[in-house]
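Notes to accompany the following structure.
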Amino acid sequence: MKFKIVLVFILFSGYVRAQNVNIIPQPKSVVNGTGQFTFSNHSTVGVNDASLLPIARYFQKQVSLSAGFMLAVDNKDAGSVIHLLLTNGDPTAGAYSLKIVANEITISSSNRDGVFYGMISLLQMIKDQPRGETISLASLTIADTPRYQWRGLMLDESRHFFGMEKVKQILDWMAYYKLNKFHWHLTDAQGWRLEIKKYPKLTLIGGIGNYSDSIADPQYYTQTQIKEIIAYAAERFITVIPEIDMPGHATAANKAYPQFSGGSVEGYPNFTFNPAIDSTYQFLGNIIKETSTLFPSKMIHLGGDEVALGVKAWSLNPSIAGFMQKNNFADVGELERYFFKRVADTAINAGNKVLAWDEATGTNLPADKTIIFWWRQNLPGQLHLAVQKGYQVVLCPRLPMYFDFVQDADHISGRRWKGVYNTVGSVYGFPERQMQNNEDLQSKQIIGVQANVWTEMIGSEKRLDFMLFPRIAGLAEAGWTAPELKDEEAFNNRLKASIKIYDAANIYYFNPFDKFFHDEAIDFGPKIRKMERPADQNIEDEGYRPRRRHGKSSKRTSHSSKHSSSSKHSSSKKSSSSKNSSSSGKSKKSSHKKRK
């Protein structure tokens, strides 16, 4: 008993002293030593395994950019003062130890992920120091391991397109905060952004327009660009997962290939694929196979959400009704599950895991090949069902993990849920603060957390930054740091210290400690608009279309599809894709067209 008390005291002491080390996310254990290590142009980084050389060179480049001096890299460890080592130790992916003493620094892990994250922690400490001819770091020992293996961020580029350079910048920040899954929402009603060579009209026609301009020039990623971004992410230990939305949210695809449309209902033209013809499954199967070949993650997100918004068209189509009768389907819901199981089987047979929003929990998918994304915090039963059925689950509920929600009471452009918005603190406190009485949170089926950036109201890089920073730092702690180590006051102190990093990177962020530091970046001004609620939808979300992403809405957080013409909203004059967007494989400038 006495030994246990001493051990707890030692661990707690290490945690308390860690508060002076400005690392986000908070490491598991930090114990201060004596003395300090001094970097200079003469410092050498060595490795004990050739597979670590890319990490050493990444560190070399980042130190050059942030501190202004160049470290040498040696493909051997002998003679170096900064050691990157693969060793036997904690087998958890991402776990590492970092030891700084007076004459050397050692980062060790049983896996390359861990060495990379140890290097990131060291890099954060370097960035926290004033720039000069040398940089000194106090001696310490860090032992660290991530809480979750899925620490994700989703970017929607169907609604508004941002281009390669912005995506790379986001990947850089994900790496800086030890996030490791980039969920790329590339298709939806507003635009198809992924080149499929077998079906070129998907991008040439389906890529036309965006959420705020239905006739904007086509914008999309070529397969060459996709491969470049995947390689860029892999260097940062980030897995890229594409989303091909089906059977709903299919308007852009059906614009290009109308023969596969499931029909239209008011407000949702050609919203679904036709589930009653074999050619639909051949079409989608070819897309899935080509996508699978392109993305080495061997995971494809197939959407599966909100089909009910346009599914009435199926009931009105005689051929679909006949198909249902022939197959003894009781209702369109059963037909929807048939559709999703069939396309999921195609993805699985191509060697992929199937990822889907929580509506797919009702489909009979193989538990070992399925990951469910629980996004509807008002439906905890969906989470419970997913856990019961043995699915792995990623937690990404609207509250607090939707970064299109406003983050301050005074912000006017964005969504809320019954008046609730998503602060950096609420993201930091997730999931315990919001789910403290939910027993499913203790399940081993919960593999991680993710924040989703829907972009109906985000059309410029400036606003994208404003909505992402600093909540991305809260996301980092939600995904990495054990709940018993969380201390919001300490987190805020570390966040205050790191805000200067945003300034140095020219990030237009929201400052929660001085909310007037930057004006709210607004691309689309709010406009009151009333819309009749569908009878089968239970809508609690202000600014909801209804769907998990924004749309035309009925309260103060809704928005017009037009850009504001006032100087206050000058950020909307900027192209949604900036100078880095691509069209038909070429880089083009494309500005939103203002409508009268």
Do W480 and Y117 have their ring centres less than 6.0 Å from each other? yes
Which atom names give the shortest non-hydrogen contact between M246 and F340, and what distance separates them? O-CE1, 3.8 Å
With rounding to the nearest 0.5 angstrom, report the NZ to CG distance, K418 to L399. 10.0 Å
In terms of side-chain heavy atoms, does E243 have a donor or acceptor partner in W357 at a distance below 3.5 Å? yes
Pair N378, R398: side-chain N/O donor-acceptor within cut-off below 3.5 Å: yes
Working to the nearest 0.5 Å, report the span between OG1 of T481 and CG of L485. 7.0 Å
Going by side chain to side chain donor-acceptor pair (under 3.5 Å), E290 matches just one of Q223, K197, K198. Which one? Q223
Under 6.0 Å between ring centres, would you say that holds for F491 and Y428? yes
Step-by-step side chain to side chain contact (heavy atoms under 4.5 Å, CB included) determination, I472 to I170: CA-CA 10 Å; I472 189 173; I170 290 173; 5.8 Å; no
Heavy atoms of A93 and P146 approach each other most closely as O-CG, 3.4 Å
Going through the checks in order, is the side chain to side chain donor-acceptor pair (under 3.5 Å) test met by R416 and N422? CA-CA 8 Å; R416 304 166 194 253; N422 293 338; over 6 Å; no
Let's go through Y220 and E157 carefully: what are the C-alpha distance in whole Å and the side-chain angles of both, what is the deciding distance for side chain to side chain contact (heavy atoms under 4.5 Å, CB included) to 0.1 Å, and is it a yes or a no? CA-CA 9 Å; Y220 60 91; E157 284 203 89; over 6 Å; no
Validation row, ring centre F295 to ring centre H301 under 6.0 Å: no
Passes ring-ring contact (aromatic ring centres under 6.0 Å, His included), Y221 versus W184? Steps please. CA-CA 12 Å; Y221 293 100; W184 210 357; 4.9 Å; yes
Start with the C-alpha gap between T455 and D156, add the side-chain angles, then the distance that decides, and say whether side chain to side chain donor-acceptor pair (under 3.5 Å) holds. CA-CA 6 Å; T455 60; D156 165 22; 3.2 Å; yes
Lys/Arg N to Asp/Glu carboxylate O, K166 vs D465, below 4.0 Å: yes
Between V265 and G310, which heavy-atom pair has the shortest distance, and what is it? CG2-CA, 3.9 Å
Report yes if some heavy atom in the side chain of L171 is under 4.5 Å from a heavy atom in the side chain of I229; otherwise report no. yes
Relative to each other, are the rings of W173 and Y176 parallel, tilted or perpendicular (30° and 60° limits)? perpendicular
Taking atom CD of E484 and atom NZ of K28, what is their separation to the nearest 0.5 Å? 8.0 Å
Table please: side-chain donor-acceptor pairs of residues 361-373 below 3.5 Å, with sequence neighbours left out.
| unit_1 | atom_1 | unit_2 | atom_2 | d |
| --- | --- | --- | --- | --- |
| T361 | OG1 | D358 | O | 2.8 |
| T370 | OG1 | P366 | O | 2.7 |

Check the orientation of F510 and F466. Use parallel for under 30°, tilted for 30 to 60°, and perpendicular for over 60°. perpendicular
Parallel, tilted or perpendicular, as decided by the 30° and 60° cut-offs, for the rings of Y257 and F283: tilted
Name the orientation class of the two ring planes belonging to Y281 and Y338 (parallel below 30°, tilted from 30 to 60°, perpendicular beyond 60°). perpendicular
Would you call R159 and E456 a salt bridge, using N to O less than 4.0 angstrom? yes
What side-chain donor-acceptor pairs closer than 3.5 Å can you find for residues 441-451, not counting sequence neighbours?
| unit_1 | atom_1 | unit_2 | atom_2 | d |
| --- | --- | --- | --- | --- |
| S443 | OG | Q445 | N | 3.0 |
| Q445 | NE2 | G390 | O | 2.8 |
| Q445 | NE2 | Y391 | O | 3.1 |
| Q450 | OE1 | W150 | NE1 | 3.2 |
| Q450 | NE2 | H183 | ND1 | 2.9 |
| Q450 | NE2 | N452 | OD1 | 2.9 |

Could you check if a side-chain atom of L302 sits within less than 4.5 angstrom of a side-chain atom of I288, using non-hydrogen atoms only? yes
Would K181 and M174 count as a side chain to side chain contact (heavy atoms under 4.5 Å, CB included) here? Give the steps. CA-CA 9 Å; K181 297 292 189 292; M174 288 181 66; 5.7 Å; no
May I ask you to test the C396-M154 pair for a side-chain heavy-atom distance under 4.5 Å? no
Please check if atom NZ in K298 has more than 12 non-hydrogen atoms from other residues, nucleotides or ligands closer than 6.0 Å. yes
With side chains defined as the heavy atoms from C-beta onward, is the minimum distance between Q149 and T92 less than 4.5 Å? yes
According to the interplanar angle, ranging from 0 to 90°, do the rings of F339 and W314 count as parallel (below 30°), tilted (30 to 60°) or perpendicular (above 60°)? tilted
Salt bridge (charged side-chain N to carboxylate O under 4.0 Å, His left out) partners for R147, two or more places apart: E432
Crowded around E266 CD? As in, over 12 foreign heavy atoms under 6.0 Å? no
Is K312 atom NZ crowded by more than 12 heavy atoms from other residues, nucleotides or ligands, each under 6.0 Å away? no
Could you give me the CA-CA distance, side-chain angles and deciding distance for D172 and Y232, then say whether side chain to side chain donor-acceptor pair (under 3.5 Å) is met? CA-CA 9 Å; D172 286 340; Y232 192 88; 2.8 Å; yes
Taking C-beta and beyond as the side chain, do E477 and Q26 meet within less than 4.5 Å on heavy atoms? yes
Polar side-chain atom of N317 near backbone of A313 as donor-acceptor pair, under 3.5 Å: no
Test side chain to side chain donor-acceptor pair (under 3.5 Å) on S261 and N270 and set out the steps. CA-CA 6 Å; S261 172; N270 300 303; 2.7 Å; yes
Let me confirm one number: the CZ-CZ distance from F329 to R337, rounded to the nearest 0.5 Å. 10.0 Å
Residue pair I320 / P275, side-chain heavy-atom distance below 4.5 Å: yes
Kindly give the heavy-atom pair with the smallest separation between G94 and N111, and that separation in Å. N-OD1, 3.0 Å
Any idea which heavy atoms bring P431 and L395 closest together, and the distance? CB-CD1, 4.1 Å
Do I238 and L179 have side chains that get closer than 4.5 Å, going by heavy atoms? no
Please evaluate residues H160 and N210 with respect to the criterion side chain to side chain contact (heavy atoms under 4.5 Å, CB included), reporting the C-alpha separation (whole Å), side-chain torsions for both, the decisive distance (0.1 Å), and the verdict. CA-CA 6 Å; H160 287 106; N210 54 49; 3.9 Å; yes
Heavy atoms, side chains only, cut-off 4.5 Å: are T239 and M299 in contact? yes
Separation between OG1 (T291) and CD1 (I300), nearest 0.5 Å, reads 5.5 Å
Check: A276 main-chain N/O paired with T280 side-chain donor or acceptor under 3.5 Å: no
Taking all atoms of both residues into account, what is the closest heavy-atom pair of M457 and S413, and its distance? CE-OG, 3.1 Å
Report the distance from atom NE2 of H384 to atom NZ of K389, rounding to the nearest 0.5 Å. 12.5 Å
Is the distance between the ring centroids of F116 and F237 under 6.0 Å? yes
